[in-house]
Amino acid sequence: MLQSQLFIPTLKEVSNEAQIPSHQLMLRAAMIRQLGAGIFSFLPLGYRVAKKVMNIIREEMDAIGGQEFHLPALNPIEIWEQTGRVEAMGDVMFHIKNRDGLVLAPTHEEIITVHARQHIKSYRDMPQIWYQIQTKFRNEPRPKSGVLRGRQFTMKDAYSLDNSWEGLDESYNKHEQAYRNIYTRCGLKFFVVGASSGAMGGSASQEFMVESPFGEDTCAICEDFGYGANIEVATSSLPSVSRLDENPNIEEFPTPGARTIDHLITKFSIPEDRCAKSVVCFVDGEPTLILMSGNDALNESKLQSALKATNIRHAEENELFDLTGAHAGSIGPINLKTPLKIYADKRLENANGLVSGANKDKFHFKNIDLSRDCTISGYFDLRTIKEGELCPTGCGKGLRVVNAIEVGHIFKLGTKYSQALGAMFLDETGTEHPIIMGSYGIGVERIMACFIEQSHDDKGIKFAPSIAPFDIHLLGLGLKKSEAVQNACEELDKKCKEAGFDVLFDDRDVSPGVKFNDADLLGMPVQVIVGDKNLAAGNVELKNRRTGERQILPIGEAIDSIKVMIKGF
RNA sequence: CGGGGUGUAGCGUAGCCCGGUUAUCGCGCCUGCUUUGGGAGCAGGAUGUCGGGAGUUCGAAUCUCUCCACCCCGACCA
C-alpha cells in the first residue's frame with residue numbers, strides 16, 4: 001500500500017502524560033489516540049496489529065474446537081442480579097442511565113450461562129467451547145498506562161461447558177495449551193502462575209504473565225520456572241517455628257520503647273521467629289487477631305480465602321486500643337481486653353517459647369505456648385513470601401519476586417453460574433446436575449502493549465512478522481528525481497506482494513531521513529531501501545529492524561533474502 | 001474516594017510566584033525557490049474562547065472562588 005495515501009500521522013514527541021514506552025510508542029507510531037481517561041481510538045495501523053493478534057487467537061481457539069459467538073455488550077441487569085454480581089462488581093459495572101434495567105457487560109459468564117440453559121439439556125450436548133472477541137466495559141476507578149488498563153477494551157473470552165469434572169480439567173488444559181500457543185505466536189516472553197480465583201469463584205485458576213516494571217501484579221517465580229504463583233497465593237519452603245523442650249509458664253516483662261519486631265530482636269535479643277506479631281483486622285466486620293511469626297507480612301488475599309471472607313480491613317489506631325487495651329507494638333493473644341477470635345500462620349502451629357505483646361503498653365509476655373495458653377481458631381498459610389526464599393517444589397532454588405502484567409487468566413469456575421441461573425443437564429441415569437463451567441480471558445490490547453514493552457529501542461518499535469502491521473517497509477529514496485528508483489520500487493512492491501508479503505511502500509516526497517526515522521519508529525520487520533547510489537550498481541539494501549543487520553545485494557536476489565530474513569524472526 | 005500535579009495554535013511548550021506593549025519558542029501546516037542516504041535551507045504566510053463559568057481590578061494567561069478534563073501516587077481491581 002502507498003504510504004502517501006494512508007493515514008499514519010507519526011509524532012516526533014508526545015506529552016509527558018504518556019509515561020511508559022508502549023504508550024509513548026503507540027501514540028508516536030500512529031497506532032492509537034486517546035479520547036478520554038482509559039478510552040482509546042485505534043488508528044488504521046494499530047487496528048491492523050489488533051486484527052493480526054485477534055486472528056492468531058481465533059485460529060488457536062478454533063483449533064481446540066472453540067465456536068465463535070458475538071454476544072451483546074448491552075445486558076439486562078436482571079440476569080446479573082441472579083448471580084449476585086451486580087453487587088459484587090459494584091461501581092466497576094457501567095449502568096445505563098436513560099433506560100432502566102440495562103448495564104454494559106464487563107464479562108460474559110452470565111450471558112453464556114443463559115444460552116446454555118436454553119439449549120444444553122443432556123450430557124450428550126457437551127463438551128462445548130464457546131468464545132467471542134468483543135468489547136468489554138469496566139468502570140475502572142483509575143485507568144492508567146495507556147491501553148494496559150482502560151475502561152473499554154477488547155477481550156477474547158471463552159467458556160467451556162462440561163458434564164463432568166474430568167471434562168472440565170480437559171477443557172481447561174486445552175485452553176492452557178492454546179494460550180501458550182497464542183502468546184508464543186505473538187512473540188511474547190511470558191510465564192504462567194497459579195492465581196487466586198477471587199470473586200470469580202471456582203476451584204483453580206492460572207494467570208499468564210509478562211514480566212514488566214509497569215505490571216500491577218506481583219509474582220513469585222522459581223529461577224528455572226518450575227514454579228510460579230501470584231503473590232496472593234504464593235508459598236515458599238520455609239521451616240515452621242520449632243517446639244522447644246523447655247516449656248516454662250508465661251511471664252510478663254517490661255519492653256520499653258519496643259514498638260516493632262525489630263526492636264524486640266535487637267534490644268531484647270529475641271530470635272525473630274520466636275516473636276509472634278499480632279495484627280488486628282475486621283473480617284466481614286468481626287474484629288479478629290492474626291498471629292504471624294517475626295516480620296512475616298500478613299497476606300490479605302490468603303486471609304480472605306482462608307476465612308472465606310468478602311471484606312477485610314485493618315483496625316485503626318483507636319480501634320486497636322479499644323479492643324485490646326494496648327497500642328500497636330504491645331498487642332498479643334493473651335490478656336485481651338475484649339475476647340477476639342484468633343487465627344495464626346501455619347508456621348506458628350503448636351509453637352511455644354513465643355514472645356508477644358501483653359495488651360498493656362510497654363509490656364510483653366514470654367514463654368507463650370499457643371496450644372497451652374491461647375485458643376487458636378485455626379492455623380492457615382497467611383504469610384506473604386519474600387524474595388530469595390526457597391521454591392516450595394523443593395528444587396532447592398530461590399524464588400524471584402517480580403512485577404508482571406496479566407495478559408490472560410483461566411478459571412475452573414465449576415457450577416457457580418450454572419447453579420445460580422439454573423443451567424442444568426441430565427446425566428446417563430436421568431439425574432439432573434448443574435453444567436460444569438470454565439472461563440478463559442485474554443486482553444487483546446495488553447498483548448499489543450506488552451509486545452512493544454518487550455520489543456523496542458530508542459528509535460521505535462521492533463515488530464515480529466506475526467503481528468506487524470506490514471511485513472515489509474519499502475523505502476524509495478528520491479523517487480521524484482529518479483525514474484529508475486521509481487521503477488525498481490514498483491517492481492519490488494509487486495514481487496513482494498506476489499511472494500505473499502504485506503508491503504508498506506513509502507512513496508512520499510520527503511527526505512530520506514524522515515523515511516528512515518519513520519520506518520524505525522513504525523517497526524516493520526524488514527526495511528527494503530532503494531536509492532539511486534546502490535541502484536546504479538543494480539543493488540538494493542535490506543535492513544533487519546530487530547537486529548539492525550544490513551545487506552546490500554542485487555535487486556534480483558532481494559525477494560529470496562527477504563524470505564530468509566522474515567523466516568529468521 | 002484521599003493526596004499531588006497539569007490544562008496556553010494541529011503537536012510539544014515558555015510566560016503564572018511578583019497583574020500592565022501585539023502571548024514565547026520549536027515542530028507541523030500553506031506559498032515560492034533551492035535541497036534529497038538518517039527528522040533539509042532560505043524567504044514569505046495562516047492558525048489562540050490562554051479548559052469553562054463567576055469574581056477582584058482602570059487592566060487578568062497571571063490573583064480569588066467554583067466547575068470540568070487529564071496525568072501521577074494511594075485505596076480499588078471481576
Side-chain angles (χ1 to χ4, degrees), chain A residues 9-20 23-24 27-28 30 33-40 80 83-94 103-110 136-146 148-151 153 155 157 195-202 205 207 214-218 230 232 300-301 310-314 405-406 409 411 413 416-417 439 441 443 459-460 475-482 485 506 508-521 527 529-536 539-541 543 548 550 552:
Chain A
T10 56
L11 299 172
K12 270 199 233 182
E13 45 191 9
V14 289
S15 142
N16 63 7
E17 286 187 356
Q19 302 214 334
I20 70 170
H23 189 193
Q24 293 165 345
L27 289 168
R28 289 190 55 213
R33 288 293 179 264
Q34 179 164 353
L35 208 56
I39 310 172
F40 291 87
W80 289 83
T83 55
R85 282 174 119 203
V86 175
E87 203 187 343
M89 295 266 177
D91 285 338
V92 170
M93 187 183 265
F94 282 106
V103 294
L104 292 178
T107 173
H108 278 83
E109 281 78 13
E110 277 77 357
K136 297 286 187 267
F137 296 89
R138 292 182 191 178
N139 188 15
E140 294 290 348
R142 186 151 96 78
K144 59 181 287 198
S145 304
L148 282 180
R149 178 167 290 277
R151 293 205 165 115
F153 59 96
M155 186 185 203
D157 46 320
S196 159
S197 305
M200 285 288 283
S205 96
E207 288 168 324
F214 309 110
E216 299 181 87
D217 286 279
T218 308
N230 196 302
E232 294 174 350
E300 287 180 37
S301 306
T310 54
N311 182 26
I312 288 183
R313 71 169 178 90
H314 283 262
I405 299 165
E406 176 190 346
H409 201 159
F411 296 88
L413 287 181
K416 173 177 169 168
Y417 297 90
S439 143
K459 302 287 272 180
L475 311 184
L477 308 183
L479 288 162
K480 278 255 169 86
K481 210 179 61 179
S482 162
V485 172
D506 191 349
R508 297 173 300 166
D509 184 24
V510 295
S511 73
V514 172
K515 296 193 181 195
F516 291 136
N517 282 299
D518 271 350
D520 286 347
L521 173 62
Q527 294 171 18
I529 302 159
V530 183
D532 52 4
K533 280 173 197 161
N534 280 324
L535 196 59
N539 291 332
V540 295
E541 179 178 342
K543 178 177 161 184
R550 294 164 185 274
I552 293 171

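Quick caveat: nothing in here was measured; it's all calculated off a predicted structure. Below, read A as the first sequence line, B as the second, and so on, with proteins coming before strands; counting in each chain starts at 1.
- With contacts defined as side-chain heavy-atom distances shorter than 4.5 Å, the pair M93(A)/L104(A) does not qualify.
- Residue-level contact check: R33(A) touches neither bases nor backbone, having no heavy atom under 4.0 Å from any strand.
- No hydrogens or angles were tested; on distance alone, a donor-acceptor pair under 3.5 Å links the side chain of N534(A) to the base of G37(B).
- For G48(B), there is no paired base (Watson-Crick or G-U wobble, both distances below 3.5 Å).
- Distance from the side chain of P141(A) is smallest to C76(B) among G39(B), C76(B), C72(B).
- Using a 3.5 Å distance cut-off with no hydrogens or angles, the side chains of D518(A) and T10(A) do pair a donor with an acceptor.
- For N16(A), whose side chain is taken as the heavy atoms from C-beta onward, the closest listed nucleotide among U13(B), U36(B), C71(B) is U13(B).
- The closest side-chain heavy-atom distance from L477(A) to V485(A) is not below 4.5 Å.
- Counting heavy atoms from C-beta outward, H108(A) and M155(A) have side chains that stay 4.5 Å or more apart.
- Across all strands shown, U64(B) is found opposite A54(B) as a Watson-Crick or G-U wobble partner, with both distances under 3.5 Å.
- One can place NE2 of H314(A) at 16 Å from P of G74(B), the figure rounded to the nearest angstrom.
- In this structure, N539(A) atom CG and G37(B) atom P are separated by 17 Å, rounded to whole Å.
- On the P atoms, C17(B) is 14 Å away from A60(B), given to the nearest whole Å.
- Of the possible polar contacts, none joining the R151(A) side chain to the N139(A) backbone as a donor-acceptor pair under 3.5 Å is found.
- With a 3.5 Å ceiling on both atom-pair distances, the Watson-Crick or G-U wobble partner of G10(B) is C27(B).
- Spacing of C1' atoms, G28(B) relative to C70(B), comes out at 23 Å, to the nearest Å.
- Pair assignment for G74(B) gives C1(B), based on Watson-Crick or G-U wobble hydrogen-bonding distances that are each under 3.5 Å.
- Taking the side chain of Q19(A) as heavy atoms from C-beta on, and the options G37(B), C72(B), G39(B), the nearest nucleotide is C72(B).
- At the heavy-atom level, K515(A) lies nowhere under 4.0 Å from the strands shown.
- Comparing C29(B) with A9(B), their C1' atoms sit 11 Å apart, to the nearest whole Å.
- For the P atoms, the distance from A23(B) to U66(B) is 30 Å, rounded to whole Å.
- Atom-to-atom, CG of D217(A) to P of C77(B) comes out at 12 Å; the value is rounded to the nearest Å.
- Closest to the side chain of K543(A), from the set G39(B), G38(B), G12(B), is G38(B).
- Look at S511(A) and you won't find any side-chain N or O under 4.0 angstrom from OP1 or OP2 of G39(B).
- Listed candidates were G38(B), G37(B), C70(B). Nearest to the side chain of K459(A) is G38(B).
- Nucleic acid contact class of S482(A) (heavy atoms, under 4.0 Å, all strands): none.
- For C73(B), one of the phosphate oxygens OP1 or OP2 lies less than 4.0 angstrom from a side-chain nitrogen or oxygen of R142(A).
- Each of E140(A) and V510(A) lies near RNA chain B, and the nucleotide nearest V510(A) is the one positioned closer to the 5' end.
- When both distances must be under 3.5 Å, the Watson-Crick or G-U wobble mate of C33(B) is G41(B).
- The same atom, C1', is picked in G48(B) and in G15(B); the two are 15 Å apart, to the nearest Å.
- When the C1' atom is compared between G19(B) and C50(B), the two are found 15 Å apart, to the nearest whole Å.
- Computed from coordinates, the E216(A) CD to C72(B) P distance equals 10 Å when rounded to whole Å.
- Regarding D91(A), its CG atom lies at a distance of 18 Å from the P atom of A75(B), rounded to whole Å.
- As judged by a 4.0 angstrom heavy-atom cut-off over every strand, V92(A) is placed among residues making no nucleic acid contact.
- Spacing between atom CD of E232(A) and atom P of C76(B) amounts to 11 Å, rounded to whole angstrom units.
- With both pairing distances under 3.5 Å, U22(B) is matched to nothing as a Watson-Crick or G-U wobble pair.
- Residues M89(A) and T107(A) are in side-chain contact: their nearest non-hydrogen atoms beyond the backbone lie under 4.5 Å apart.
- Between the side chain of R28(A) and the base of G39(B), a donor-acceptor pair under 3.5 Å is found.
- Each of G36(A) and E13(A) lies near RNA chain B, and the nucleotide nearest E13(A) is the one positioned closer to the 5' end.
- Separating the CG atom of L475(A) from the P atom of U36(B) is a distance of 19 Å, rounded to the nearest angstrom.
- Contact detail for G215(A) and I405(A): the closest heavy-atom pair is CA-CG1, 3.5 Å.
- Within the structure, every side-chain polar atom (N or O) of K12(A) is placed at least 4.0 Å from both OP1 and OP2 of G26(B).
- For D520(A) against G38(B), a side-chain N or O and a base N or O form a donor-acceptor pair under 3.5 Å.
- Straight-line distance between the P atoms of G74(B) and C30(B): roughly 44 Å, to the nearest whole Å.
- Distance noted for atom P between G26(B) and A14(B): 15 Å (whole Å).
- Residue E17(A) places its side chain closer to C71(B) than to any other of C71(B), G12(B), G74(B).
- The shortest side-chain heavy-atom distance between E109(A) and K416(A) does not fall under the 4.5 Å cut-off.
- Under the 3.5 Å distance criterion, the side-chain polar atoms of K144(A) are left unmatched by any main-chain donor or acceptor of R149(A).
- D532(A) has its CG atom 10 Å from the P atom of U36(B), to the nearest Å.
- Of the candidate nucleotides C77(B), C73(B), C71(B), C77(B) has the atom lying nearest to any side-chain atom of R149(A).
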